[in-house]
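Quick notes on the structure that follows.
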Amino acid sequence: MDSEPHGMSSEPHSQHSELNLEEGHIKDDLPLLTSSSSSTSKPTTTDDKPGPSSSSTPEPDIEELEKQCAAYARHDMYGTMGRAKLPWTQKVLLGIAIITLFPLRVVSATLVVVLYYLICRACTLCLAPNQEHEDEQDDYSHMGGWRRRIIYWFGRVLSRALLFVFGFYWIKETYRDPDMDNKFNHELEVNHESNEIERPGAIISNHVSHLDILYHMSSSFPSFVAKCLGCVYVQRESKTSDFKGVSGVVNDRINESLHDKSAPMMMLFPEGTTTNGDYILPFKTGAFLSKAPVLPVILRYPYEKFSPAWDTISGVRHVILLLCQFVNYITVLRLPLYYPSQEEKDDPKLYAENVRRLMAREGNLIMTDIGLAEKRVYHAAIHGLFAKR
């Protein structure tokens, strides 16, 4: 198994620090049913008579970029950024789905979301949020009793209902036999004998699509990294002296869930961004600082025409094409609880890497050393190539 796509160095490039482009900011102004030009097989070069702003360095074509950033490349019928040339039969089917299936699913999904919102509002009525200071975010994650049970069970049921509305009529779940290679289960017998921890400190999942969150909500309704769900908000830019950091908050939340069975478990995507589903990126260590065992879960989205993976495609185009596909598929592989060795407890990076390697092996995923910085450069580059056409 290759450690990284050919042509992409694992060392960060200097231009990454100069690029300030978020994934959702790319303008998507092409109609869904309009064919775009096919990708050129030769690099685009500058004019023979260069102007003041021209450069002699040839620009890579889309195929070359996809080789370098293979973890983010789309290979479905709709191609890069969802703008590939479609056969006329698919255009007809897509047009019919936009007129019929799409509005039906939008209305149904809206009703489900509104229903759950009303349930949450009713359960938190006259209930003070858990706030130490007035300027803090509302936090209902510690809510217990009948309110918590209603929100928990309706959350799971309605999340599954949303997946059904989106075309995920069946979800294939596989549970790996706990009797696995001891190489990836250090001190398993010791931990079972001591029985100190009966549930994972966190659920660890690969990240392919925004649909991952819906699945995990329907499965275990954990706490993620919006108010009723007790999520941890990511604030990357804050550098104040009293800023605890995401890792610190996650660590506290994991330890709390281990000591309080009524507290929600943490669910984390340690890759930090989405891939096309065939690769697994380096893990952040936040989920492994608590030294608690983790539960690895691997999600895959088999497809025939449109891939539910959210990579180079814009959010609006992704939702439209997803809702226009009559049947969507998801497969889930749940691995046994991973107990860290003492060496892994002392070294969170080693712990994270060993869990990542286990998930790559069991899920048949390709390990790569590229990350969010390369993804942003890749998105900016292919957007620039499309913009020039």
Side-chain angles (χ1 to χ4, degrees), residues 1 3 71 171-192 197-209 211-225 247 250-251 253-255 257-258 264-302 309 330-341 343-345 347-369 371:
M1 184 177 294
S3 61
I171 297 179
K172 181 181 179 181
E173 294 184 294
T174 304
Y175 294 82
R176 181 70 74 214
D177 189 339
D179 186 18
M180 298 178 65
D181 190 350
N182 290 331
K183 177 180 179 182
F184 296 95
N185 288 273
H186 305 292
E187 298 184 351
L188 183 60
E189 295 81 4
V190 175
N191 280 276
H192 276 310
I197 300 175
E198 297 180 353
R199 72 187 223 168
I203 301 172
I204 302 300
S205 175
N206 64 320
H207 202 7
V208 183
S209 174
L211 299 163
D212 303 345
I213 297 176
L214 274 182
Y215 166 75
H216 286 291
M217 288 178 64
S218 68
S219 175
S220 56
F221 205 76
S223 178
F224 292 88
V225 164
S247 296
V250 168
N251 188 31
R253 187 69 64 85
I254 290 175
N255 289 326
S257 69
L258 292 174
M265 287 190 298
M266 283 298 303
M267 195 279 125
L268 295 162
F269 301 109
E271 294 171 286
T273 189
T274 57
T275 67
N276 58 16
D278 296 326
Y279 290 77
I280 189 165
L281 308 178
F283 280 3
K284 305 294 189 298
T285 59
F288 307 92
L289 295 174
S290 65
K291 305 178 182 179
V294 295
L295 179 64
V297 178
I298 302 169
L299 305 180
R300 302 296 292 266
Y301 294 86
I330 180 174
T331 62
V332 183
L333 174 61
R334 290 179 171 272
L335 302 182
L337 203 61
Y338 187 103
Y339 290 91
S341 66
E343 184 180 5
E344 290 170 329
K345 291 180 180 179
D347 187 353
K349 290 184 178 180
L350 176 64
Y351 186 7
E353 181 62 18
N354 285 345
V355 173
R356 176 181 174 237
R357 290 184 178 276
L358 169 65
M359 294 177 67
R361 187 191 68 169
E362 296 299 322
N364 195 27
L365 301 173
I366 304 173
M367 298 182 67
T368 176
D369 292 334

If you measure from CG on Leu335 to OH on Tyr175, what distance do you get to the nearest 0.5 Å?
12.0 Å
Can you list everything that forms a side chain to side chain contact (heavy atoms under 4.5 Å, CB included) with Glu271? Sequence neighbours excluded, please.
Asn206, His207, Thr275, Ile280, Leu281, Phe283
For the residue pair Val332 and Ile171, establish whether any side-chain heavy-atom pair is separated by less than 4.5 Å.
yes
Exercise: identify the closest heavy-atom pair between Pro296 and Pro336
CD-O, 3.5 Å
Working to the nearest 0.5 Å, report the span between CD of Glu173 and CD1 of Ile330.
8.5 Å
Please name all residues satisfying side-chain hydrogen bond (donor to acceptor under 3.5 Å, both in side chains) with Glu343, sequence neighbours left out, ordered by chain then number.
none
Euclidean distance, Tyr338 OH relative to Leu358 CG, rounded to 0.5 Å:
7.0 Å
Single hit among Ile204, Thr274, Ile213 for side-chain contact (heavy atoms from CB on, under 4.5 Å) with Phe269:
Ile213
Interatomic spacing from CG in Leu211 to OG in Ser218 - rounded to 0.5 Å:
11.0 Å
Heavy-atom check, side chain of Leu337 versus side chain of Pro200, under 4.5 Å:
yes
Just jot down the side-chain hydrogen bond (donor to acceptor under 3.5 Å, both in side chains) partners of Tyr301, sequence neighbours excluded, or say none.
Asp212
Is it true that a side-chain atom of Arg334 and a backbone atom of Thr174 form a donor plus acceptor pair closer than 3.5 Å?
no
Where Ala360 and Met367 come nearest, the two heavy atoms and their spacing:
CB-CG, 3.5 Å
Beyond-backbone contact of Leu333 with Glu362, side-chain heavy atoms, under 4.5 angstrom:
yes
Assess whether side chain to side chain donor-acceptor pair (under 3.5 Å) is satisfied between Tyr339 and Glu344, documenting all intermediate values.
CA-CA 9 Å; Tyr339 290 91; Glu344 290 170 329; over 6 Å; no
Closest non-hydrogen contact found for Gly277 with Arg300 is O-NE, 3.1 Å
Where do Val294 and Tyr351 land on the side-chain contact (heavy atoms from CB on, under 4.5 Å) test, with the steps shown first?
CA-CA 10 Å; Val294 295; Tyr351 186 7; 3.7 Å; yes
Please give me the minimum heavy-atom distance between Pro293 and Pro340, naming the atom from each residue.
CA-CD, 3.9 Å
How many angstroms lie between atom CG of Leu350 and atom OG of Ser341, to the nearest 0.5 angstrom?
6.5 Å
Within this structure, what is the CG-CE distance for the pair Leu295 and Met267, rounded to the nearest 0.5 Å?
9.5 Å
Please determine whether side-chain contact (heavy atoms from CB on, under 4.5 Å) holds for the pair Ile298 and Ser205, giving the CA-CA distance in whole Å, both sets of side-chain angles, and the decisive distance to 0.1 Å.
CA-CA 6 Å; Ile298 302 169; Ser205 175; over 6 Å; no
Do you know which two heavy atoms are closest between Pro270 and Phe288, and how far apart they sit?
CB-CE1, 4.4 Å
For the pair Arg357 and Glu353, find out whether any cationic side-chain nitrogen is under 4.0 Å from an anionic carboxylate oxygen.
yes
If you look at every heavy atom in Ser209 and Ala309, which pair is closest and at what distance?
CB-CA, 4.3 Å
